[in-house]
A.B. asks: 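Okay, here's the structure, questions in a sec.
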Amino acid sequence: MTDPDRLWDGCAGALRRRLGEAAWNTWFHGVRPRAFDGTTVTLAVPALLIQERIETSFLLAVTEELAAANAGPVVVRFVVDAATGGLDDLEADQEGGVESDGWADSQRSDAVAHATTPGAPAAPGRAEGLNSAYTFDGFVTGSSNRFAEAAARAVADTPGSAYNPLFIYGGSGLGKTHLLHAIGNYVHEHFPQRRVVYVPTETFLNQFIYSIQTKALADLKQRYRDCDVLLVDDVDLLEGKEAFQEEFFHTLNTHFHRSTQIVLSADRAPKKFLTTDDRLRSRLLAGITTAIEPPDLETRLAILGKKAEGINIDVPAEVLEFIGANIRDNIRELEGALIRVTAFAILNQEPLTLALAEKLLADVVASNLPRQVTLELVLHATADLFGFTVDDLRSPSRRRPLVLARQVGMYVCRQLTDHSYPTIAREFGGRDHTTVIHAVSKITGLMAERRQVYDQVEELRRRLQG
Ligand code: ADP
Ligand code: MG
């Protein structure tokens with residue numbers, strides 16, 4: 001099948017049921033299928049912020065439902081077309097992404113969510129910020145995460161009374177964010193009257209600064225205090241931000257007084273941070289703290305099996321074993337390796353064999369103790385590969401070949417380092433973080449479409465890791 005409308009019509013119903021009416025109406029109302037070549041589908045969205053939200057929250061669900069409708073794997077890419085959904089007052093995309101003020105962006109995206117979520121905020125059963133793709137059903141357990149998962153389930157079963165706060169910590173890519181959303185989704189489904197809010201600390205912080213500037217602090221406070229389950233991700237970012245810690249503490253205190261549930265995640269144990277505020281620390285330590293460790297081989301294989309099933313592609317056991325045996329510390333990377341080999345096989349219509357996986361993942365395997373790739377190194381390697389200077393990459397110029405080089409560089413930064421979108425954006429000449437989000441999505445799409453782009457990314461990866 002290569003009819004984009006048929007493909008989209010075939011999955012829209014299931015997707016709508018899966019995400020719920022509110023999310024569907026808010027984010028998918030203006031989405032239109034544009035092109036489909038049997039493997040890559042292009043979806044037109046009315047604004048960049050809608051694309052961002054779909055990518056960060058619903059991409060797995062979209063990919064899975066498309067794959068089901070197509071009876072085969074589908075690669076999704078987006079184009080922004082302001083004419084699509086009648087939202088022309090929102091900014092339209094430009095070639096290099098939108099360069100605008102980040103605080104204003106996050107505020108605008110909230111405005112959209114509120115304007116179109118029926119009845120918010122007075123209606124019961126609100127669920128804010130949840131990614132419906134992250135559920136307990138999709139979470140594979142093993143000795144590394146069994147306790148964390150059990151604690152998360154206990155909290156989801158009896159919010160506010162089992163463990164409060166629940167504090168989950170562990171390294172990057174080990175499933176913290178997944179568990180937070182799983183709790184939220186479970187509560188939303190089983191206790192429809194409860195109000196659930198998920199927020200990354202970075203978003204909270206940005207909104208906090210913005211609301212001080214616009215004197216809208218009261219609204220913000222209301223928003224995070226007036227809920228039954230508050231899920232705050234990556235609270236290690238609070239470190240060193242005293243004014244914000246203070247505000248955050250008041251928010252938590254409201255919840256402690258009302259016995260509403262708080263769940264927090266961080267990359268390290270709570271004893272080791274927030275040392276400046278003793279009250280907050282003792283409150284935090286009064287709940288239960290649980291760690292997630294890197295998964296053992298058996299768990300890694302189970303996770304790979306589950307992900308392969310989800311994207312509807314047959315991967316030989318020996319390929320899964322090869323990936324599982326060689327990527328140990330980060331489940332996001334585990335998924336990344338699986339996507340890399342399956343995308344290559346689809347793109348080249350080659351059978352997915354062990355030999356192919358070994359060839360494609362040689363760099364990952366060789367770098368079991370990977371050389372620390374820095375943003376600076378990526379910038380230099382990108383400049384070299386494309387024949388520009390680092391200053392060119394950081395400059396405001398939007399000349400076409402330069403834009404592509406910059407986007408490839410941003411994509412590779414995202415792949416090979418743990419830095420956030422805003423940090424990468426700063427390194428590339430102080431751009432807005434939405435530019436990086438746009439670049440990652442653009443290159444992800446182009447890699448499955450243009451051999452040259454795929455090769456450029458792989459070459460950079462080889463130079464940086466090999
Ligand atoms: P963290 O927040 O700890 O950095 P995430 O929750 O974002 O990590 O997880 C990274 C990726 O790995 C996500 O796509 C998530 O679904 C997946 N993942 C992590 N742990 C598991 C697990 N136990 N089972 C299935 N998928 C997992
Ligand atoms: Mg996370």
Side-chain angles (χ1 to χ4, degrees), residues 18 54-64 76 129-153 156 166-186 198-205 231-238 263-270 289-311 315 320 323-324 327-340 342 364 414-423 437 440 444:
R18 179 164 168 180
I54 293 178
E55 282 176 330
T56 49
S57 300
F58 308 114
L59 193 58
L60 188 67
V62 173
T63 309
E64 287 184 357
V76 188
L130 288 182
N131 180 341
S132 57
Y134 290 151
T135 60
F136 284 120
D137 285 346
F139 193 83
V140 176
T141 54
S143 56
S144 58
N145 59 21
R146 187 164 289 124
F147 188 67
E149 196 254 8
R153 275 192 189 268
L166 170 62
F167 191 100
I168 302 174
Y169 74 95
S172 175
L174 296 183
K176 303 182 296 293
T177 297
H178 189 133
L179 277 182
L180 259 58
H181 284 286
I183 293 170
N185 286 318
Y186 186 96
Y198 167 89
V199 63
T201 299
E202 187 166 8
T203 305
F204 199 166
L205 188 58
L231 309 153
V232 188
D233 212 349
D234 304 317
V235 295
D236 43 281
L237 288 175
L238 290 167
V263 184
L264 306 171
S265 87
D267 64 357
R268 56 205 115 129
T289 297
T290 161
I292 308 188
E293 306 287 341
D296 57 19
L297 178 61
E298 196 190 340
T299 313
R300 297 200 294 275
L301 290 176
I303 291 170
L304 284 168
K306 189 139 201 151
K307 303 283 170 186
E309 215 174 87
I311 52 178
V315 186
L320 295 180
I323 299 174
I327 299 180
R328 305 193 182 96
D329 302 327
N330 185 321
I331 296 169
R332 192 177 298 114
E333 277 174 22
L334 203 62
E335 287 178 3
L338 180 68
I339 303 268
R340 212 167 136 204
T342 51
V364 187
R414 199 51 200 170
Q415 296 300 307
L416 301 190
T417 77
D418 276 337
H419 291 291
S420 66
Y421 290 117
T423 308
I437 294 175
V440 170
T444 307

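In each ligand, atom 1 is the first atom listed, and ligand 1 is the first ligand listed.
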A.B. asks: Between the side chains of Thr201 and Asp234, does any donor sit under 3.5 Å from an acceptor?
C.D. replies: no
A.B. asks: Report yes if the side chains of Leu174 and Asn145 come closer than 4.5 Å at any heavy-atom pair, otherwise no.
C.D. replies: no
A.B. asks: Heavy-atom contacts with ligand 1 below 4.0 Å: which residues, ordered by chain and residue number?
C.D. replies: Tyr134, Gly138, Phe139, Val140, Asn145, Gly171, Ser172, Gly173, Leu174, Gly175, Lys176, Thr177, His178, Ile303, Lys307, Ile331, Arg332, Glu335
A.B. asks: Apply ring pair (Phe, Tyr, Trp, His ring centres under 6.0 Å) to Phe139 and list each qualifying residue two or more places apart in sequence or on a separate chain.
C.D. replies: His178
A.B. asks: With a sphere of 6.0 Å drawn around CG of Asp296, does it hold more than 12 non-hydrogen atoms of other residues, nucleotides or ligands?
C.D. replies: yes
A.B. asks: Once you round to the nearest 0.5 Å, how far does CZ of Arg414 lie from CD1 of Ile437?
C.D. replies: 8.0 Å
A.B. asks: Less than 4.5 Å apart, any side-chain heavy atom of Leu205 and any of Leu238?
C.D. replies: no
A.B. asks: Please determine whether side-chain contact (heavy atoms from CB on, under 4.5 Å) holds for the pair Leu264 and Ile168, giving the CA-CA distance in whole Å, both sets of side-chain angles, and the decisive distance to 0.1 Å.
C.D. replies: CA-CA 6 Å; Leu264 306 171; Ile168 302 174; over 6 Å; no
A.B. asks: Give me each pair satisfying salt bridge (Lys or Arg N to Asp or Glu O under 4.0 Å) with a member in residues 297-308, each pair once, sequence neighbours excluded.
C.D. replies: Lys307-Glu335
A.B. asks: Give the total of protein N/O/S atoms at a distance below 2.8 Å from the Mg ion (ligand 2).
C.D. replies: 1
A.B. asks: For His419, does its backbone N or O pair with a side-chain atom of Thr423 as donor and acceptor, under 3.5 Å?
C.D. replies: no
